Protein chains: 2
Amino acid sequence: MASRAKATIFDIAREAGVSKSTVSLVLQGSGLIRPETAVKVRKAIEDVGYVYNRGAANLRKAHSNVIGMVINDLTNPFFAELAVGMERVFQSAGIVPFIANTAENPVRQEEVLKSLMEQGVAGLIVSPARGTTPAAFRRLEMAGVPIVFAMRRLPESRIPVITPDNHRGAYLATAHLIGKGHRQLAFFGGSSDLVVYQERLGGFREACETLGIAARDALVVEGETSRRGGIACLETALAMAEPPTAALCFNDAVAFGVMLALRKRGLEPGPDFAVVGFDDVVEAEHYMPALTSVAVDTPGLGERAAHVMLKMIQSRTTRAEDHIGAVNLVVRESCGPDRRALNRQPGKGGPL
Amino acid sequence: MASRAKATIFDIAREAGVSKSTVSLVLQGSGLIRPETAVKVRKAIEDVGYVYNRGAANLRKAHSNVIGMVINDLTNPFFAELAVGMERVFQSAGIVPFIANTAENPVRQEEVLKSLMEQGVAGLIVSPARGTTPAAFRRLEMAGVPIVFAMRRLPESRIPVITPDNHRGAYLATAHLIGKGHRQLAFFGGSSDLVVYQERLGGFREACETLGIAARDALVVEGETSRRGGIACLETALAMAEPPTAALCFNDAVAFGVMLALRKRGLEPGPDFAVVGFDDVVEAEHYMPALTSVAVDTPGLGERAAHVMLKMIQSRTTRAEDHIGAVNLVVRESCGPDRRALNRQPGKGGPL
DNA sequence: TTGATTTATTGGAACGTTCCATTTATAGCA
DNA sequence: TGCTATAAATGGAACGTTCCAATAAATCAA
């Protein structure tokens with residue numbers, strides 16, 4: 001049974017009493033071969049325990065069907081959701097995407113990209129690691145490999161991008177906070193080396209300006225994009241002379257951290273301090289209290305990215321349009337009105 | 001610059017004025033070539049924008065350096081942690097593991113496995129999808145591909161397994177609950193088609209028997225292994241005539257769901273109903289209240305699995321020993337003593 | 001100087017496919 | 001029956017590497 005040397009189409013050919021070419025045709029489902037012959041060959045394939053050697057085939061065909069997905073942080077459930085969306089569409093196209101993690105490390109990313117290239121990928125969907133330079137993709141671009149960026153863009157690069165409307169999302173969330181009566185706002189987490197950060201912060205700032213919040217009342221605290229970062233941000237903010245009463249967080253992880261830190265101080269997220277997240281990961285809904293967050297339809301973006309990729313491969317081009325995904329604010333329990341605002345106008349009513 | 005046809009070692013050879021064989025030697029870092037020649041060749045490699053064709057090489061060498069990781073649920077942060085651990089060791093071995101997701105679907109798993117085989121993987125680390133039959137791996141085994149199962153085992157299979165000591169973990173957790181004075185215990189979530197479930201449930205049962213809990217006071221509620229499953233389990237349990245006062249959950253996700261459902265009913269996890277999780281994912285510590293859970297050192301298991309894999313590849317064997325990882329109970333805030341027990345013996349003291 | 005050794009380099013065959021150009025078999029038609 | 005048109009099957013070359021055996025160049029011993 002356990003034949004030592006692996007079987008090739010020649011073995012199948014001998015077994016079935018046909019030529020290697022016939023076997024190859026059968027393997028590719030060509031309509032040129034007689035049905036009975038095909039049956040015979042397929043039986044032989046089973047019998048010898050054949051496994052197709054895609055490497056050898058690619059050598060001749062010059063294009064694989066491997067699509068790589070390069071992700072900067074597998075640990076963030078957000079990216080898992082993205083991956084799931086992509087897989088849905090690739091699966092129905094009969095292709096299996098391979099995922100590789102760069103752990104937010106540009107050096108590691110270089111290795112991953114190199115490995116994927118050597119493997120002869122047909123295309124790449126990438127959420128670039130922080131600090132990536134456009135040079136990292138020059139090789140790929142020269143080789144004509146289709147690439148699409150998901151969720152993150154590089155400062156100056158002509159590679160197509162699929163991303164949510166970060167600016168608008170931040171604007172919506174901030175407007176909501178202001179509408180609740182908050183006048184001292186904060187933006188928590190993230191740092192300016194991320195384009196996404198600039199976009200979200202931009203939306204926050206624009207909302208503040210447009211809706212009459214003085215610049216000095218819009219506090220910006222940079223920090224890690226994690227629970228821990230959120231905790232740190234809140235500590236910093238509450239230590240100030242005129243602390244904010246509400247915060248828009250760079251992402252949900254930061255928001256969770258903020259809520260945690262509030263609780264630790266005996267404050268209740270929502271009534272005592274309003275917090276809004278960004279991304280609306282599944283946990284947001286299940287948190288206590290449930291987190292108000294900007295929903296970006298992550299799996300949907302994954303699907304989009306996959307479709308664009310498929311189209312690029314099919315039309316053998318390396319260019320495509322950017323896609324800016326719609327966002328919407330999902331209001332839950334984590335942001336009540338400003339208490340002081342309520343005191344000022346006692347008749348103004350309840351939480352909604 | 002953007003040469004249409006991709007460069008081969010022949011192009012390099014021409015550029016550098018040497019033979020293809022010399023180029024090949026340089027590529028492999030052979031000590032046989034004169035340093036100056038090597039330099040010349042390496043320059044040519046840069047100049048022509050060469051990318052190594054691993055497929056072609058494997059055709060000759062018959063063993064790739066690709067290792068695949070097949071995961072049943074990318075969405076569960078638990079598996080991301082496992083992946084991270086593995087990547088640590090593979091990275092230092094200079095190899096890039098490719099991750100593929102089966103979404104707990106045996107059919108999808110079949111496709112993934114097939115694709116990986118065709119790609120000529122050197123080895124596979126697999127957390128099999130629920131309902132996998134040993135037959136799914138026969139092909140791989142016949143081909144002599146080293147396989148390691150991580151976290152889950154198949155009922156009857158000689159493939160080596162890396163798994164935490166589920167039985168012991170469940171025993172410890174249950175004993176802890178009983179030590180707190182609980183007499184009506186429940187086991188929430190999971191279903192018996194999972195070997196892991198049987199192991200954990202086994203530990204629970206053994207602790208109950210050994211420590212004097214009657215079988216009729218040990219309630220078992222099967223359910224999804226997710227937050228939602230946890231919510232459902234709690235509802236079911238509390239609807240009973242003599243509801244439990246504490247539960248060991250199949251995993252942390254179930255535990256989170258249980259805590260959520262408790263809160264929804266106005267009960268406080270810990271004081272009103274003790275809950276213990278399993279796996280100790282990072283969120284457990286950050287939850288409110290922090291979840292008591294059985295820590296299994298997931299990244300450590302990932303590292304173990306990777307090491308075993310490397311060793312198998314190196315010694316070209318397909319056999320290895322199982323590894324049962326140590327576990328320990330991390331006590332946090334989610335399980336107080338049974339209130340009724342306190343009432344019975346008021347002097348018995350505080351939560352610990 | 002010559003032959004024996006060592007050091008660097010090279011050509012050719014092989015790996016397992018695909019695809020093109022042929023060949024062979026089958027059927028259709030006058 | 002012979003001839004063409006169609007269908008089915010085939011052999012050979014090519015894809016980009018690696019590895020072995022062989023050659024060429026440099027060094028050494030006598």
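Below, chain A is the first sequence line, B the second, and so on; all start at residue 1. Remember, predicted model here, so these are calculated numbers, not experimental data.
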Between [atom2] of [N] and [atom1] of [X], the distance in whole Å:
X        : N      : atom1 : atom2 : result
A:Arg54  : C:dT18 : CZ    : C1'   : 13 Å
B:Gln119 : C:dG16 : CD    : C1'   : 15 Å
B:Glu36  : D:dA26 : CD    : P     : 12 Å
B:Leu32  : D:dT18 : CG    : P     : 14 Å
B:Ile12  : D:dT17 : CD1   : C1'   : 11 Å
A:Leu59  : D:dT18 : CG    : P     : 12 Å
A:Ile9   : C:dT17 : CD1   : C1'   : 5 Å
A:Glu118 : D:dT18 : CD    : C1'   : 15 Å

Electrostatic pair [X]-[Y], nearest N-O below 4.0 angstrom:
X        : Y        : result
B:Arg153 : B:Asp322 : yes
B:Lys43  : B:Glu36  : no
A:Glu111 : A:Arg108 : yes
B:Glu118 : B:Lys114 : yes

OP1, OP2 of [N] versus side-chain N and O of [X]: anything below 4.0 Å?
X       : N      : answer
B:Thr37 : C:dT9  : yes
B:Arg60 : D:dG16 : no
A:Gln28 : C:dC19 : yes

Which of the following nucleotides, [options], is nearest to the side chain of [X]?
X       : options                : result
A:Thr22 : D:dT17, D:dT10, D:dT18 : D:dT10
B:Arg34 : D:dG16, C:dT17, C:dA8  : C:dA8
A:Val18 : D:dT10, C:dT18, C:dG12 : D:dT10
B:Ala57 : D:dT17, C:dC19, D:dT10 : D:dT17

Base, sugar-phosphate or nothing for [X]? Non-hydrogen atoms, less than 4.0 Å.
X       : result
A:Tyr52 : sugar-phosphate
B:Ile33 : sugar-phosphate
A:Ser24 : base

### Query
Quick check: are there more than 12 heavy atoms from other residues, nucleotides or ligands sitting under 6.0 Å from CZ of B:Arg319?
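Result for CZ/B:Arg319: enclosed.
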### Task
Classify the side chain of B:Ser21 versus the base of C:dG11 as yes if they form a donor-acceptor pair under 3.5 Å and no if they do not.
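Present.
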### Message
Is there, by distance only and without an angle test, a donor paired with an acceptor across the side chain of A:Lys6 and the base of C:dG16 below 3.5 Å?
### Response
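No pair found.
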### Message
Run the side-chain hydrogen bond (donor to acceptor under 3.5 Å, both in side chains) test on A:Ser21 and A:Ser24 for me, step by step, so that the C-alpha distance in whole Å, both residues' side-chain angles and the decisive distance to 0.1 Å come before the verdict.
### Response
CA-CA 5 Å; A:Ser21 303; A:Ser24 176; over 6 Å; no
### Message
I want to confirm an ordering. Mapping B:Gly17 and A:Leu27 to their closest nucleotides on DNA chain C, which one lands closer to the 5' end?
### Response
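It is B:Gly17 whose nearest nucleotide is closer to the 5' end.
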